[in-house]
Q: 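Pasting in a structure now, in structure tokens, and then I'll have a few things to ask.
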Amino acid sequence: DVKVTQSSRYLVKRTGEKVFLECVQDMDHENMFWYRQDPGLGLRLIYFSYDVKMKEKGDIPEGYSVSREKKERFSLILESASTNQTSMYLCASSSTSGSFGELFFGEGSRLTVL
Amino acid sequence: GQNIDQPTEMTATEGAIVQINCTYQTSGFNGLFWYQQHAGEAPTFLSYNVLDGLEEKGRFSSFLSRSKGYSYLLLKELQMKDSASYLCAVGSGGSYIPTFGRGTSLIVHP
């Protein structure tokens, strides 16, 4: 069974803390994504990656960075967490070889910044 | 950019049929996705349309009209477990990165 695993389901952090959200996929997918999901706003793309060590900004990259050192792992980093980054964060992966880009999502990480 | 519109909320009765609409404006359209998301869970893929017409998959069907920038998701024989958010997402340009609408929350009542 295909799987995207996010390291933490729930996190509570303080303003100014550095936060790492980890995501691992076991499908050998080339593409990985980080979205945030907020009520009334839907899913918004933060960053994505087409390959190891490659990253591209999505629609709302401000305040975030990412790292992809290995194909299966894509990390989202909040250098200095702020209260407006309280949200549900969803990682996803997809393949570009022989497919139309169906996204496979992790269970999500709900981050609260106090 | 892209503009994707879908109703915020819909209600329906168990056993009935419901149609969730999605309209979009985009350049370089390369496909439209529907995802289902139950509360507190990850979105899961339902359907993909790239050509005009109706794609049927069990109780769920998805329709696309590229000329009208319009799609709908049709759910038949509604069950209580169909209560969820339904996300319309459009792929465009040279990439397979979909842009999501804000989602439609469907409430199925007895």
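Chain letters run A, B, ... following the sequence lines, proteins first, then strands; residues in each count from 1.
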Q: Quick check: are there more than 12 heavy atoms from other residues, nucleotides or ligands sitting under 6.0 Å from CD of B:Q19?
A: yes
Q: Please check: side-chain N/O of B:S65 versus main-chain N/O of B:Y70, any donor-acceptor pairing under 3.5 Å?
A: no
Q: Is there a donor-acceptor contact under 3.5 Å from the side chain of A:T86 to the main chain of A:V113?
A: yes
Q: Quick check against the 3.5 Å criterion: does A:Q25 have a side-chain atom that pairs as donor or acceptor with the backbone of A:M27?
A: yes
Q: Would you find a donor on one side and an acceptor on the other, under 3.5 Å apart, between the side chain of A:S49 and the backbone of A:D51?
A: yes
Q: What part of A:L90 gets within 4.5 angstrom of chain B, counting heavy atoms only: side chain, backbone, both, or neither?
A: side chain
Q: Do any of residues 5-14 of chain B come closer than 4.5 Å to chain A, heavy atom to heavy atom, and if so which ones, in number order?
A: none
Q: How are the rings of A:F105 and A:Y35 set to each other: parallel, tilted or perpendicular (split at 30° and 60°)?
A: tilted
Q: Quick one: sort the B:Y35 and B:F100 rings into parallel, tilted or perpendicular, breaks at 30° and 60°.
A: tilted
Q: Under 4.5 Å between side-chain heavy atoms, hopping through other hydrophobics if needed: is there a path connecting A:V4 to A:F74?
A: no
Q: With a 4.5 angstrom heavy-atom cut-off, could you sort out which part of A:Q6 is near chain B: side chain, backbone, both or neither?
A: neither
Q: Who wins among A:G40, A:G58, A:P39 for the most heavy-atom pairs under 4.5 Å with chain B?
A: A:G40
Q: Is A:R44 close to chain B through its backbone or its side chain, or both, or neither, when contacts mean heavy atoms under 4.5 Å?
A: neither
